[in-house]
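Comments concern the structure below.
What you are looking at is a predicted structure, and each value in this text was computed from that prediction instead of being measured.
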Amino acid sequence: MIFSAFFRKFRNRALFLSLVWVLLFAVSMLMLGLILDTFGKTAEVHSLVSLTWSGYVAASDFSSPLPEVIGVNASWIVPSVSISSDNTYSSAWIGIGGQFDTSLIQIGTEHDSVNGKERYIAWYELLPDYAINIPIMISEGDMMSASINLVDKDTNLWFMQLTDVTTGESFSKSVNYNSTLLTAEWIVERPTLNGQIANLSNFGSVTFTEAYVNINHEVLPLGEVSFSQTHLTDNQNTQLTTVSQINSDGKSFTIQYIANG
């Protein structure tokens, strides 16, 4: 009797421990699967060097990109520009296209030092056309929110929006534009003026937040898609900016001006 009771107790305990072990094993496999799934989404990472761009580019796949990028958005604060003896320029923008082709639809802000004065402009551009100024007043320190979305693929109809969250002013426009839909961008640019790459203004830093991309109707943070970190240099291969890693939230990063670049 005593032995039988002891055996039943031992067997029940062994069964309980076995069930606990199986449960822990299942949970560990689930967590491993989630980790591998997340890693799989971000495993394809590239690094590029550019004379004009600094930031991040996203695509469905950098080896064989598909025409599936149909939306992009982000927020940033208009940076304060240091006055320079020479005219200097910089712009922050989001866009679709332009990495693997010559099409590019983009919207953003410009921060310049021209004739000894700061200048801040909002704009949009549909390459190969020139940039068009947006009729809202922006100032350093203003929080901007921007988005570009494909509304109708059959008619190539896009909807662009730029909002100065600080002042409440907003601009939106529907345009017809034939894009390859291959990439999305979050960029600080050294713009080209009259066929020449301009001198980069000292913009301090720009932090992009809420960086999302719509790939084949799935809206994802930048950190969960195939992306490339793009570094800005001059003709002597001198680095002009630094680009941070994507933050742990997967949707923000910072571009910093290098004073001695």
- Item | Close side-chain approach of Asn156 to Tyr177, heavy-atom, < 4.5 Å | no
- Task: Show your working on side chain to side chain contact (heavy atoms under 4.5 Å, CB included) between Met143 and Ile77 and close with a plain yes or no.
- Result: CA-CA 4 Å; Met143 170 66 77; Ile77 293 176; 3.7 Å; yes
- Task: With rounding to the nearest 0.5 Å, note down the distance linking CD1 in Ile258 to OG1 in Thr238.
- Result: 9.5 Å
- Item | Donor + acceptor pair across side chains of Thr109, His111 (<3.5 Å) | yes
- Query: At what distance, to the nearest 0.5 angstrom, does OG1 of Thr242 lie from CD1 of Ile255?
  - Reply: 9.0 Å
- In Å and rounded to the nearest 0.5 Å, what is the CG to OG distance from Leu182 to Ser60? 7.5 Å
- Query: Between Glu140 and Pro79, what is the shortest heavy-atom contact and its length?
  - Reply: CB-O, 3.8 Å
- Cluster question for you: counting only ILVMFWY and a side-chain heavy-atom cut-off of under 4.5 Å, with indirect links fine, are Trp123 and Val114 together? no
- Task: Go through the steps for Trp53 and Trp93 under the test side chain to side chain contact (heavy atoms under 4.5 Å, CB included), then give the verdict.
- Result: CA-CA 10 Å; Trp53 288 10; Trp93 53 268; 3.5 Å; yes
- Task: Report yes if some heavy atom in the side chain of Glu185 is under 4.5 Å from a heavy atom in the side chain of Leu104; otherwise report no.
- Result: yes
- What distance do Met160 atom CE and Leu126 atom CG have between them, rounded to the nearest 0.5 Å? 5.5 Å
- Out of curiosity, Leu150 CG to Glu68 CD, how far, rounded to the nearest 0.5 Å? 12.5 Å
- Item | Main-chain N/O of Phe203 paired to Ser90 side chain as donor or acceptor, under 3.5 Å | no
- Message: Using side chain to side chain contact (heavy atoms under 4.5 Å, CB included), reason through Ile70 and His217 one step at a time and then give a plain yes or no.
- Response: CA-CA 7 Å; Ile70 57 176; His217 302 286; 3.5 Å; yes
- Query: What pair of heavy atoms forms the shortest contact from Ala58 to Val225, and how long is it?
  - Reply: CB-CG2, 3.7 Å
- Task: Write down the atom of Gln229, the atom of Gln245, and the distance for their closest heavy-atom approach.
- Result: NE2-NE2, 3.7 Å
- Task: Kindly indicate whether the side chain of Pro67, heavy atoms from C-beta on, has any atom under 4.5 Å from the side chain of Thr180.
- Result: no
- Item | Closest heavy-atom pair and its distance - Gln106, Ile148 | CA-CD1, 3.8 Å
- Message: One pair to check against side chain to side chain donor-acceptor pair (under 3.5 Å): Ser84 and Asp86. What are the steps and the verdict?
- Response: CA-CA 5 Å; Ser84 172; Asp86 298 323; 5.0 Å; no
- N/O donor-acceptor pair under 3.5 Å between Asn73 side chain and Glu210 backbone: yes
- Are the side chains of Thr241 and Leu200 in touch, meaning some heavy atoms are under 4.5 Å apart? yes
- Query: Are Val219 and Ile246 connected in the hydrophobic side-chain network, where two residues link if heavy atoms are under 4.5 Å apart?
  - Reply: no
- Message: Side-chain heavy atoms nearer than 4.5 Å, only ILVMFWY residues, links allowed to pass through others: does that put Leu48 and Leu222 together?
- Response: no
- Note on the structure: Closest heavy-atom pair, Gly108 versus Leu162, reported as atoms and distance to 0.1 Å, is O-CD2, 3.8 Å
- Query: Is Leu51 linked to Tyr89 within one hydrophobic cluster, defined over Ile, Leu, Val, Met, Phe, Trp and Tyr using a side-chain heavy-atom separation of less than 4.5 Å?
  - Reply: no
- d(Ile134 CD1, Asp164 CG) to nearest 0.5 Å is 11.0 Å
- Query: Under 4.5 Å between any side-chain heavy atoms of His231 and Ser47, yes or no?
  - Reply: yes
- Query: Do Thr209 and Ser252 pass the side chain to side chain donor-acceptor pair (under 3.5 Å) test, and can you show the C-alpha distance, the side-chain angles, and the key distance before you say yes or no?
  - Reply: CA-CA 4 Å; Thr209 60; Ser252 60; over 6 Å; no
- Query: Looking at side-chain heavy atoms only, is the closest gap between Tyr257 and Leu232 below 4.5 Å?
  - Reply: no
- Task: Walk me through it: do Thr163 and Ser170 pass the test side chain to side chain donor-acceptor pair (under 3.5 Å)?
- Result: CA-CA 4 Å; Thr163 300; Ser170 186; 2.9 Å; yes
- Query: With no hydrogens and no angle check, is any side-chain donor or acceptor of Asp249 less than 3.5 Å from a backbone partner on Lys251?
  - Reply: yes
- Message: Taking ring pair (Phe, Tyr, Trp, His ring centres under 6.0 Å) as the cut-off, I'd like each qualifying pair that reaches into residues 64-85, sequence neighbours left out, listed once.
- Response: Trp76-Phe208
- No-hydrogen, no-angle side-chain donor-acceptor test under 3.5 Å, Ser201 and Thr88: no
- Do Ile136 and Phe159 sit in the same hydrophobic cluster, where Ile, Leu, Val, Met, Phe, Trp and Tyr count as joined when their side-chain heavy atoms come under 4.5 Å apart? no
- Note, Leu240 side chain near Asp234 side chain (heavy atom, < 4.5 Å): yes
- Message: So does Asn115 get a backbone contact from the side chain of Asn87, meaning a donor-acceptor N/O pair under 3.5 Å?
- Response: yes
- Gln256 and Thr254: side chain to side chain donor-acceptor pair (under 3.5 Å), yes or no, with the steps? CA-CA 6 Å; Gln256 182 83 37; Thr254 299; over 6 Å; no
- Query: Considering only heavy atoms from C-beta outward, does the side chain of Asp142 approach that of Thr167 to under 4.5 Å?
  - Reply: yes
- Item | Minimum-distance pair of heavy atoms, taken over all atoms of Ser179 and Trp158 | CB-CZ2, 3.7 Å
- Item | CA sep, side-chain torsions, deciding dist, call: Thr230, Trp186, side chain to side chain contact (heavy atoms under 4.5 Å, CB included) | CA-CA 10 Å; Thr230 303; Trp186 301 261; over 6 Å; no
